[in-house]
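Have a look at the structure below, then the notes.
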There are 2 protein chains.
Amino acid sequence: MDDISSILKEKGLKVTPQRLAIINMLKNTKEHPSAETIYKTLSSDFPTMSLATVYKTLEMLKSIGLVQELNVGEGSFRYDANVNSHPHLICYGCNRVDDLYDSALDDLLGRVSKYTDYLLMDQKLYFYGYCPDCKKKVTNHDHP
Amino acid sequence: MDDISSILKEKGLKVTPQRLAIINMLKNTKEHPSAETIYKTLSSDFPTMSLATVYKTLEMLKSIGLVQELNVGEGSFRYDANVNSHPHLICYGCNRVDDLYDSALDDLLGRVSKYTDYLLMDQKLYFYGYCPDCKKKVTNHDHP
DNA sequence: ACATTTCAAAAAATGATTGACAGCATAAAA
DNA sequence: TTTTATGCTGTCAATCATTTTTTGAAATGT
Ligand SMILES: [Mn+2]
Ligand SMILES: [Mn+2]
Ligand SMILES: [Zn+2]
Ligand SMILES: [Zn+2]
């Protein structure tokens, strides 16, 4: 009946509590969590779920296009249930990852295409700095 | 006498053949090689140099601002002796990484700053698609 | 000469991710 | 309903890029 369940069923994939928990968590957060964070967050409700299951589920969700993987430059990936390719902001201070809404970037791919012989299909845009909270605490800094 | 040697000396770092070879290779290529590629390329001239030395040297060159590390979304990093933060093109077909020269992206950071409360300091812009060579071979494709 | 520092190589450790495999749950087939 | 097949989970080991530690040689200082 619910949206995700039927998508999984259509693809011949089993609907399990672990899978629903992971995709629902991603749909209900703006925090772009890592696999580890997902695992820790869900471990109170699913104490027996293993980290490998989180990884395998994320791999599966990626492959059917329900989540995207973000590489913000840490040692591990972040995950996002918003699969549109949209720009992100990363805070040097607290490592949070936020979405960026900016019409200045609309049709960037189209504009860039005029400057290259590549056939462009996607873009990954990351902006680094200090979030509003961390900005206050910063006096003088270079970026790392 | 030579530029890199004096920079290293000024910082109190020793000038070794291995270090010079690595930085010179990076200065003379547009290929954005990985540590592994650097290691393999130099191993004919330096058969005893270990991969750990390449990593350690890259770490050192990064810390004194002579190279930057690129995370193009592979499992490993690419290195670039051009330390300005400039956009890159990545080919889905052959994994080459090229520089992108595009005045459409000038002052992007300044323009984006108006749309966010972050204090922005840096950006990483990656554009994905098919390079001129691979474009020919592509008939119909989704991006991976 | 002796002590101190710096280096490179080798070996070991790390941390994120993946793979192999056994048992379980569900569902199709008989 | 019983059997059979298949997918999924958890355990645990393996992998891979990278980092750290150890060791000994070479360079530098006294
Ligand atoms: Mn996002
Ligand atoms: Mn470059
Ligand atoms: Zn912050
Ligand atoms: Zn190509």
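Quick note on labels: first sequence line is chain A, next is B, and so on, each numbered from 1. Just so you know, these numbers come straight off a predicted model, no measurement behind them. Just so you know, these numbers use all the heavy atoms, side chains as well, and skip hydrogens, waters and symmetry mates.
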Q) What is the distance, rounded to the nearest whole Å, between atom CZ of B:Phe77 and atom P of D:dC16? A) 18 Å
Q.
From CG of A:Leu8 over to P of D:dT6, roughly how many Å is that when rounded to an integer?
A. 21 Å
Q | Shortest non-hydrogen contact from A:Glu74 toward A:Asn71 | A | O-OD1, 4.4 Å
Q) With a non-hydrogen cut-off below 4.0 angstrom, is A:Ser34 in contact with a base, only sugar-phosphate, or nothing? A) nothing
Q. Parallel, tilted or perpendicular for B:Tyr79 and B:Phe77, by the 30°/60° rule?
A. perpendicular
(Q) Determine whether a donor-acceptor pair (N or O, by modelled atom type, separation under 3.5 Å) exists between the side chain of A:Thr116 and the backbone of A:Ser113. (A) no
Q) Given D:dT9, is OP1 or OP2 found less than 4.0 Å from the side-chain N or O atoms of A:Thr48? A) no
(Q) How many whole angstroms separate atom OH of A:Tyr39 from atom C1' of D:dT9? (A) 13 Å
Q: Tell me what A:Gln18 touches on the nucleic acid: a base, only sugar-phosphate, or nothing, going by heavy atoms under 4.0 Å.
A: sugar-phosphate
Q. How far apart are the closest heavy atoms of B:His32 and B:Arg78, and which atoms are they?
A. O-NH1, 2.6 Å
Q) OP1 or OP2 of C:dT18 sitting under 4.0 Å from any side-chain N/O of A:Tyr55? A) no
**Q.** Selection from D:dT9, D:dA17, C:dA8 that lies nearest to any side-chain heavy atom of B:Ser76
**A.** D:dA17
Q. Can you tell me how far P of D:dT9 sits from CG of A:Leu42, to the nearest Å?
A. 13 Å
(Q) Taking the minimum atom-to-atom distance to the side chain of B:Ala52, which one of D:dT9, C:dA11, D:dT11 wins? (A) C:dA11
Q) Of the nucleotides D:dT28, D:dG10, C:dT26, which has the atom closest to the B:Lys14 side chain? A) D:dT28
Q) Please give, in whole Å, the distance from D:dA17 P to B:Lys40 NZ? A) 9 Å
(Q) Any donor-acceptor pair, under 3.5 Å, between the side chain of A:Lys56 and the base of D:dG10, if you only look at N and O atoms? (A) yes
Q) For the pair made of CD in B:Glu59 and P in D:dA17, what is the distance, rounded to whole Å? A) 18 Å
Q: Quickly work out the B:Ile38 CD1 to D:dA17 P distance and round it to whole Å.
A: 14 Å
Q) Are B:Lys56 and B:Glu59 ion-paired here, with the side-chain N under 4.0 Å from a carboxylate O? A) no
Q.
Can you tell me if B:Thr53 touches the phosphate of C:dA8, counting only side-chain N or O atoms and a distance under 4.0 Å to OP1 or OP2?
A. no
Q: Could you work out which one of C:dC7, C:dA11, C:dA25 sits closest to the side chain of B:Thr16?
A: C:dC7
Q: Take atom CG of B:Leu51 and atom P of D:dT18, then tell me their distance rounded to the nearest Å.
A: 8 Å
